[in-house]
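Proteins get letters first, then strands, A, B, ... in listed order; numbering begins at 1 in each. Values reported hereafter were calculated over all heavy atoms of this structure, with side chains retained and with hydrogens, waters and symmetry mates removed.
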Number of protein chains: 4
Amino acid sequence: MPGNSFGEMFRVTTFGESHGPAIGGVVDGVPPGIAICEADIQHDLDRRRTGQSRHTSQRQEPDQIEILSGVFEGRTTGTPIGLLIRNQDARSKDYSDIKDKFRPGHADFTYAKKYGLRDYRGGGRSSARETAVRVAAGAIARKVLGDDVLVRGALVQIGPHGIDPENWDWNEVAKNPFWSPDPACVKKWESYLDGVRKQGSSTGAIIELTASGIPAGLGEPVFDRLDADIAKAMMCIPAVKGVEIGAGFAAAILSGSENADEIAIGEDGQPVFLSNNAGGTLGGISSGQDIVVRFAVKPTSSILTPRRTVTTSGEETEIITKGRHDPCVGIRAVPVGEAMLAMVLADHLLRFRGQCGA
Amino acid sequence: MPGNSFGEMFRVTTFGESHGPAIGGVVDGVPPGIAICEADIQHDLDRRRTGQSRHTSQRQEPDQIEILSGVFEGRTTGTPIGLLIRNQDARSKDYSDIKDKFRPGHADFTYAKKYGLRDYRGGGRSSARETAVRVAAGAIARKVLGDDVLVRGALVQIGPHGIDPENWDWNEVAKNPFWSPDPACVKKWESYLDGVRKQGSSTGAIIELTASGIPAGLGEPVFDRLDADIAKAMMCIPAVKGVEIGAGFAAAILSGSENADEIAIGEDGQPVFLSNNAGGTLGGISSGQDIVVRFAVKPTSSILTPRRTVTTSGEETEIITKGRHDPCVGIRAVPVGEAMLAMVLADHLLRFRGQCGA
Amino acid sequence: MPGNSFGEMFRVTTFGESHGPAIGGVVDGVPPGIAICEADIQHDLDRRRTGQSRHTSQRQEPDQIEILSGVFEGRTTGTPIGLLIRNQDARSKDYSDIKDKFRPGHADFTYAKKYGLRDYRGGGRSSARETAVRVAAGAIARKVLGDDVLVRGALVQIGPHGIDPENWDWNEVAKNPFWSPDPACVKKWESYLDGVRKQGSSTGAIIELTASGIPAGLGEPVFDRLDADIAKAMMCIPAVKGVEIGAGFAAAILSGSENADEIAIGEDGQPVFLSNNAGGTLGGISSGQDIVVRFAVKPTSSILTPRRTVTTSGEETEIITKGRHDPCVGIRAVPVGEAMLAMVLADHLLRFRGQCGA
Amino acid sequence: MPGNSFGEMFRVTTFGESHGPAIGGVVDGVPPGIAICEADIQHDLDRRRTGQSRHTSQRQEPDQIEILSGVFEGRTTGTPIGLLIRNQDARSKDYSDIKDKFRPGHADFTYAKKYGLRDYRGGGRSSARETAVRVAAGAIARKVLGDDVLVRGALVQIGPHGIDPENWDWNEVAKNPFWSPDPACVKKWESYLDGVRKQGSSTGAIIELTASGIPAGLGEPVFDRLDADIAKAMMCIPAVKGVEIGAGFAAAILSGSENADEIAIGEDGQPVFLSNNAGGTLGGISSGQDIVVRFAVKPTSSILTPRRTVTTSGEETEIITKGRHDPCVGIRAVPVGEAMLAMVLADHLLRFRGQCGA
């Protein structure tokens, strides 16, 4: 199977390059009868858009979504939903320099090696521009999950500066340009990012996602475990280098008695976990606790600092990547991560219902 | 698609429970004409076996592999390879206690929630016993990759005790029961694990895998990126809670100029990377550099320390998990991780050849 | 997996309804470096278009194709090809009658039963309109197969009137509005169809497809046999009720000595079959002979003759289906059948290359 | 994806050669809690077994099934069901002659071309022996469908001799060695087959299958239509050359007013179709009517009449295929066809439930 589809039952297939006429995709397998409209999708797309603060790329794309099929009189029909976003602000001249040079840290070299030729304009298919379609599909996934499920994310670290978990307040996330849940670190991040930008450099980040209201039972061991599909979903976001669930890498240091979440009976007579080191999955199946995921995004490789590289004809040279880039691409990864997580959950909800009938 | 298959073109489907009559699987899509025999597979299985030191479970399973099809006169025929391993040392009585209690940190609760019923003997399908079949399939994957590719792993941390990367020596790995590449930490780990075992507890670990000799061009963006499929491959190993590629989570702290690997022209006139923060993939496609992956394994949840839990009928209770368990299940995860990585690479080698014809 | 994708390595995903804003799709897995342009696709689309003779529907759709991605400077890049066709001549008022009635022979009843709601305008997703996207994808598949492969089809029977196989001349096919390879039956079919149309009725047809130049070795037994995938490809064309390969149903009557194609050595020293009852596949794998397929198309169910049916609210009634319909939908099934066959062959070419490396 | 798996949510993967140690497979995706035991499967396997009359192969295989996993205390657990059948009566010496010759009508030539090497013993993987595993999987599919669904088949033609549909009596089917629903033709078929066998020849056949009790709504247009998946399911049975649904090829001759099944309101107030030319599907989705399928099986290619062929080294020669063969392999195709149909229906039942939630 080629690589531009994601999910088994809730299945998204995308297309489009950074500087082509359009990006878009098909969402197949959506249950019928769900109320959805373009405004629902636009809302999520707007959260991912560039040019909304000085901390993200200044490319001005309205990212206006068009639903081409699969929705009739305001409801999904169960047939595939075609999605289209026309590219508007593609300035191909910005990229003429990279036609003949491989940008370090970018996919220029590997696309050339794999395919023999490449659309070099703005990174072509390897540009993060394609993630807009994921966000659109994620908006549909949220509708499939329903109102009882809440999938949300926040930035928890920029470069060396992490948030204080004690200050976590979900209400703060939408109030600052960094999706920070900790208002105390907004100023710090602003000044740090301003410095990074002035140096012509960039910085990495860590994002944390939470999904609440997920019923127990989702996940298909032994390979399509819920956590495994989440790991893939995060790692297939451009620039992501690491993923962890629950206690994550810290679990390596814990003892068995510290790590395993004990169970008691709650006030409602149902089993309740006394901690959540598991991050909401046991044996690859959701437990009913919150799903908690973190992923690390590397610093943007498009920087103004000169870097050594080679030309497509095999000569050593240097490169400076001008253009309109995110100094911290991790910021806009927050809505993308949410979308990918929502898609995994919607997919497993349908798979669970298919096999187990609930 | 149900969850017990892995890979698109090199495809493994497994079955079997810890205490059933057998475990096994089918490996489909193997190229024809590859020399392979049961001894090749047995070699890898023996590396994963329990009972080989006091630091792993004392269950005595010969893990004797039988090839049932797909190999004729010593060579693969291109038809599916059936694999069978009979369970020998299944002591069901050890597990009678867990029939009615959910073990904290185990999949007992989630399997019950998902399926309504479960084979409680030894964890049934959720037992790490199924990973033997993965190792067998991984041995076949290695043959597909050929002699120029080397997939190997090492334990780099047990509990709080990491190796010194300066001491890394691949030749040491097979010489100690921990797969440690650093001979200096073997004694330390031995005494640490003896302590853990005496306390009736367990500990986590971190494994690092490297694949050398991988050609540039493997990986299918935007979703089936090589790094994304590797992330899934690692996270679907039982007890794994985190995965990272190359610089991994540390990339979040690096600046763009530190992180992006510069390129020069090597002595052979070919492009050569001056560092490997990418861990061998750019844009989800292999670059020709070593693939470098790390994953974290949580401490075994089967411990002798009493833990709070609930019964299947909804009453609070305590549980001590007796039986024959690994105090550090991360140790045996080394050959399992290698097998999963080899499978991902073999799969993408065939996928690349299919689309790009090389 | 939802049902709107076709193929494993050459993979087409489509969307769109008869009276929505557009139809389109994504073709993923296309090898890089193949020269292709919109005119190549348009050529095939024009062969399927309505309104080109009085024997097909009078709906006027230009079916103008737009390539949205995956092609750069005239060549495929290996990334997904987005395809878009805007609907132009959708007259929704024609279909107001069918909103509340189930048309006999149509999918109205089953879509309502399956999804609970349906886009009733022109049959919505169940309209043959979606086959335009298949034809577009088939044009790309032809490019993947290359110039040595020739996939072509002809109408061999309309209602009770079959061609005389002795008269078969491929050069005649494009010269008449029926794709008839037998010039002698064109007049007969014209007058027969005029009669059918005047009666307000419709008629069925049989199409024969041939693929020449297919190398031996394509097909993936035991389930994804080449003939099995062809059978599915034909049967998933709207209104198709039967498929046969080679001798087909007539093979039931043959004796073993008549049926099995003998083999000799040809003038070039290569094995040559002395007949082709097999239709080009043995054991589900192409033999190098021509692939020969026939499929039967039922008469259009949209007719002017009043028919008994029921309303969506459960009352008996009658219906006459006005609108712009094909009196013999089998005619336009010729290019659709070719496209489906080309897709199956392109898919298996890549699959073969992936596993067997040739 | 390699070709030895079938189904999307009810998924069967098989392995094994005619003369290897065993055949078997994995059935994944089975809903939990279904009562099943080896005897249930054995019952269906016994219907397919050879050596039960003089009209089928005399190979004596007990086809004893072993369930290796996925069933606990008599019920499915939702985990993969491993199935194993040891080969017992494999006489490899019978096949030494075909090592160096390609048998006409067999897959010897195409397997050699595809894979470069082949297990020539008894046809290896291309032998109809593998269909035993399909029958075993089909028995599980029947359990998934439940008692309200009845999937059954009958032989309706041997060579030129068809049954009289007026005589159809399902109760007769199990009473004769041909699965004939028409007792009047049993004698005729017996004497015809005796003649064929004495001539050292073989004959073809036509099978008809019916599935009753199927709810409306199964099938996933536009590609994974129920009828399309059924067509593939039948055509992937060895020796099948044609498939038709409902009126099938005869629909080509019908007029639109004859063909489209009218709808009325039945005594229970529910819509009822007045005929079944559709064969139970409209637009690729089940209508609630009986699914009716016919498929044609070619005559066995293993015959005692000398036939022209070539050697693997490229010389012309003749061949007589001795061994233990079915003079009419179509007879044993009846239970195989039933199994394939049951699998398609079970798969679509789960897919329907996944998307549409019923």
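Separating the NE2 atom in C/His106 from the CG atom in D/Asp261 is a distance of 12.5 Å, to the nearest 0.5 Å. Atom SG of C/Cys236 sits about 12.5 Å away from atom CG of D/Leu226, to the nearest 0.5 Å. The CZ atom of D/Arg351 sits 8.0 Å away from the CE atom of C/Met1 when rounded to the nearest 0.5 Å.
Between chain C and the options D/Thr317, D/Ile263, D/Ile319, the largest number of non-hydrogen pairs under 4.5 Å is found for D/Ile263. Taking chain D as the reference chain and counting heavy-atom pairs below 4.5 Å, the highest number among C/Met340, C/His161, C/Glu315, C/Glu262 is found for C/Glu262. Put simply, of D/Ser287, D/Ser257, D/Gly314, the one with the most heavy-atom pairs under 4.5 Å next to chain C is D/Ser257. The candidate from C/Ala278, C/Gly284, C/Ser301 with the greatest count of non-hydrogen atom pairs under 4.5 Å with chain D is C/Ala278. In terms of heavy-atom pairs under 4.5 Å with chain D, the best-connected choice from C/Ala231, C/Gly246, C/Pro221 is C/Pro221. Comparing D/Ala247, D/Ser201, D/Ala216, D/Ala250 by heavy-atom pairs within less than 4.5 Å of chain C, the highest count is held by D/Ser201. For the options D/Ala205, D/Pro306, D/Ser126, D/Ser286, heavy-atom pairs under 4.5 Å to chain C are most numerous at D/Ala205. The candidate with the highest count of non-hydrogen atom pairs below 4.5 Å against chain D, out of C/Ile158, C/Asp227, C/Val297, is C/Asp227. Among D/Phe295, D/Phe249, D/Phe102, the residue making the largest number of heavy-atom pairs under 4.5 Å with chain C is D/Phe249. Contact count versus chain C (heavy atoms, under 4.5 Å) is highest, among D/Gly283, D/Gly256, D/Ala107, for D/Gly256.
In terms of heavy-atom proximity, D/Arg225 sits nearest to C/Ala239 at NH2-N, 4.3 Å. Of all heavy-atom pairs between C/Lys241 and D/Ala251, the closest is CG-CB, 4.2 Å. Heavy atoms only, all atoms of each residue included: D/Ala296 and C/Ala252 are closest at CB-CB, 4.5 Å. Shown here for D/Asn259 and C/Pro299, the closest heavy-atom pair between the two residues is CB-CG, 3.5 Å. Nearest heavy atoms, D/Met235 versus C/Val243: CE-O, 4.2 Å. Nearest heavy atoms, C/Val222 versus D/Asn4: N-OD1, 3.0 Å.
Contacts of D/Met234 with chain C are absent, with no heavy-atom separation under 4.5 Å from either backbone or side chain. Contacts between C/Ser5 and chain D at a heavy-atom distance below 4.5 Å involve the backbone alone (N, CA, C, O). Proximity to chain D (any heavy atom under 4.5 Å) is restricted, for C/Phe109, to the side chain, taken from C-beta onward. Looking at C/Ala264, the atoms closer than 4.5 Å to chain D (heavy atoms on both sides) sit in the backbone and in the side chain alike. The contact between C/Pro2 and chain D is made entirely by backbone atoms, counting heavy-atom distances below 4.5 Å. Contact annotation for D/Thr281: both backbone and side-chain heavy atoms come within less than 4.5 Å of a heavy atom of chain C. For a residue to count as touching a neighbouring chain, one of its non-hydrogen atoms must lie under 4.5 Å from one of that chain's; by this rule D/Ile303 touches chain C with the side chain only. Residue C/Phe273 touches chain D through its side chain alone, counting heavy-atom pairs closer than 4.5 Å. In this structure, no portion of C/Gln199 lies under 4.5 Å from any heavy atom of chain D. Heavy atoms closer than 4.5 Å to chain D are found nowhere in C/Asp108, neither backbone nor side chain.
Here the side chains of C/Lys113 and D/Ile285 are not in contact, with every heavy-atom distance at 4.5 Å or above. Inter-residue side-chain proximity for D/Gln157 and C/Ile253 is flagged as met; some heavy-atom pair is nearer than 4.5 Å.
For C/Lys114 (side chain) and D/Gly217 (main-chain N/O), a donor-acceptor pair under 3.5 Å exists by modelled atom type. Listed for the D/Arg307 side chain is a donor-acceptor partner under 3.5 Å among the backbone atoms of C/Ala260. When atom types are taken as modelled, the side chain of C/Glu316 and the backbone of D/Ile265 share a donor-acceptor pair closer than 3.5 angstrom. For the pair C/Thr203 (side chain) and D/Ser255 (backbone), a donor-acceptor distance under 3.5 Å is absent.
Salt-bridge formation is not detected for the pair C/Lys298/D/Glu258: no Lys NZ or Arg NE/NH1/NH2 atom is positioned less than 4.0 Å from an Asp or Glu carboxylate oxygen. The pair C/Asp224-D/Lys232 meets the salt-bridge criterion, with a side-chain N (NZ, NE, NH1 or NH2) lying under 4.0 Å from an Asp/Glu carboxylate O.
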**Message:** Let's go through D/Arg308 and C/Leu274 carefully: what are the C-alpha distance in whole Å and the side-chain angles of both, what is the deciding distance for side chain to side chain contact (heavy atoms under 4.5 Å, CB included) to 0.1 Å, and is it a yes or a no?
**Reply:** CA-CA 9 Å; D/Arg308 293 179 63 183; C/Leu274 303 180; 3.5 Å; yes
**Asked** Do C/Arg134 and D/Phe223 pass the side chain to side chain contact (heavy atoms under 4.5 Å, CB included) test, and can you show the C-alpha distance, the side-chain angles, and the key distance before you say yes or no?
**Response** CA-CA 10 Å; C/Arg134 305 191 193 195; D/Phe223 297 113; 3.7 Å; yes
